[in-house]
Amino acid sequence: MERAQFFSAQAGRTIEAPRRAKTRFAIGDVVKHKVFDFRGVIFDIDPVFANSEEWYAAIPEDIRPDRDQPFYHLLAESDENSYVAYVSQQNLLNDAVSGPVEHPDVHVYFQQFESGRYRMRRSLTH
């Protein structure tokens, strides 16, 4: 399999990843976590794990996800608060039927919630 490299500021290092990664979700999709009680909208995707080693090591071993899969950046919400989450593909389910996400930064990235997903602001697209 052909590999590519990219620098991840979040990880502070160069990451090696497949040249082509298959994602189950897209930017603007509303998803929920399989294990923990939160949901969110995807605003960025890494083809493989591209966060710090400390972050990865902090995940309990029995639920630690495989590094070689897409990881999604979410504007997340729970009953208590809003935050940014970093979640592996294996831990996400589609949640479009539950409606829009109430995260206060949704308007920074997206226009409107339509047909179960968000449309990215035109100024942020290529």
Side-chain angles (χ1 to χ4, degrees):
M1 176 185 291
E2 273 189 71
R3 305 290 283 182
Q5 294 182 337
F6 67 97
F7 181 77
S8 167
Q10 194 168 357
R13 61 187 164 79
T14 299
I15 304 293
E16 188 172 294
R19 189 162 297 282
R20 293 198 175 139
K22 291 187 179 191
T23 61
R24 202 174 299 147
F25 306 104
I27 291 173
D29 285 353
V30 176
V31 293
K32 65 181 177 181
H33 199 282
K34 284 182 178 179
V35 178
F36 302 112
D37 190 25
F38 71 86
R39 62 192 298 265
V41 58
I42 297 168
F43 70 92
D44 195 13
I45 305 170
D46 292 333
V48 293
F49 177 77
N51 205 331
S52 70
E53 291 304 312
E54 293 80 16
W55 186 93
Y56 191 76
I59 301 169
E61 256 186 84
D62 58 326
I63 62 168
R64 193 175 293 158
D66 179 31
R67 294 171 182 262
D68 202 21
Q69 65 179 306
F71 275 73
Y72 299 83
H73 299 260
L74 309 178
L75 297 176
E77 65 181 8
S78 66
D79 288 339
E80 295 84 39
N81 55 11
S82 299
Y83 49 95
V84 172
Y86 191 63
V87 185
S88 65
Q89 182 164 274
Q90 76 186 52
N91 285 321
L92 291 176
L93 299 169
N94 188 297
D95 194 33
V97 296
S98 296
V101 172
E102 301 299 324
H103 192 285
D105 292 337
V106 165
H107 71 280
V108 173
Y109 297 93
F110 302 101
Q111 291 178 20
Q112 70 261 12
F113 182 76
E114 189 176 277
S115 301
R117 64 185 321 272
Y118 284 93
R119 268 190 31 206
M120 184 158 252
R121 289 197 168 283
R122 188 172 302 254
S123 62
L124 298 175
T125 62
H126 300 263

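Source: prediction; values computed, not measured.
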Closest approach of [X] and [Y], non-hydrogen atoms and distance?
| X | Y | value |
| --- | --- | --- |
| R121 | V108 | CD-O, 3.5 Å |
| R117 | I27 | NH2-O, 2.5 Å |
| F6 | P47 | CE2-CG, 3.8 Å |
| G116 | A96 | O-CB, 3.0 Å |
| Y118 | V101 | OH-N, 2.8 Å |
| A76 | F38 | CB-CD1, 3.9 Å |

Determine whether Y109 and L75 satisfy the following criterion, side chain to side chain contact (heavy atoms under 4.5 Å, CB included), listing intermediate values before the conclusion. CA-CA 10 Å; Y109 297 93; L75 297 176; 3.7 Å; yes
Check the hydrophobic clustering (I, L, V, M, F, W, Y; side-chain heavy atoms under 4.5 Å; chains of links allowed) and say if [X] and [Y] are grouped together.
| X | Y | result |
| --- | --- | --- |
| V35 | Y56 | yes |
| F7 | V48 | no |
| Y83 | F36 | yes |
| V97 | L92 | no |

[Y] backbone acceptor or donor facing [X] side chain under 3.5 Å:
| X | Y | value |
| --- | --- | --- |
| S8 | A50 | yes |
| E77 | E102 | yes |
| Q90 | P65 | no |

Provide the full list of salt bridge (charged side-chain N to carboxylate O under 4.0 Å, His left out) pairs with a residue in residues 62-73, sequence neighbours left out, each pair given once.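 Qualifying pairs, neighbours excluded: E53-R67.
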Min side-chain heavy-atom separation [X]-[Y] under 4.5 Å:
| X | Y | value |
| --- | --- | --- |
| S98 | R39 | yes |
| P18 | E2 | no |
| T23 | Y72 | yes |
| F49 | I15 | no |

How far does [atom1] of [X] sit from [atom2] of [Y], to the nearest 0.5 angstrom?
| X | Y | atom1 | atom2 | result |
| --- | --- | --- | --- | --- |
| Q5 | R19 | CD | CZ | 9.5 Å |
| Y86 | Q10 | OH | CD | 6.0 Å |
| D46 | D44 | CG | CG | 6.0 Å |
| Q69 | R24 | CD | CZ | 8.0 Å |
| S78 | K32 | OG | NZ | 15.0 Å |
| F71 | Q89 | CZ | CD | 10.0 Å |

Going by the side chain to side chain contact (heavy atoms under 4.5 Å, CB included) test, name the single residue among V41, I42, N91 that passes it with V31.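 Considering V41, I42, N91, a side chain to side chain contact (heavy atoms under 4.5 Å, CB included) with V31 is found only for I42.
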May I have the step-by-step check of side chain to side chain contact (heavy atoms under 4.5 Å, CB included) for V84 and F43, ending in yes or no? CA-CA 10 Å; V84 172; F43 70 92; 4.0 Å; yes
Does the pair V87 and L74 meet the rule for a side chain to side chain contact (heavy atoms under 4.5 Å, CB included), with working shown? CA-CA 8 Å; V87 185; L74 309 178; 3.9 Å; yes
Using the test ring pair (Phe, Tyr, Trp, His ring centres under 6.0 Å), find all partners of H103 that sit at least two apart in sequence or belong to another chain. none
Could you check whether atom CG of D37 has more than 12 heavy atoms from other residues, nucleotides or ligands sitting under 6.0 Å from it? no
Side chain to side chain contact (heavy atoms under 4.5 Å, CB included), that's the test. Do E16 and T14 meet it? Break it down for me. CA-CA 7 Å; E16 188 172 294; T14 299; over 6 Å; no
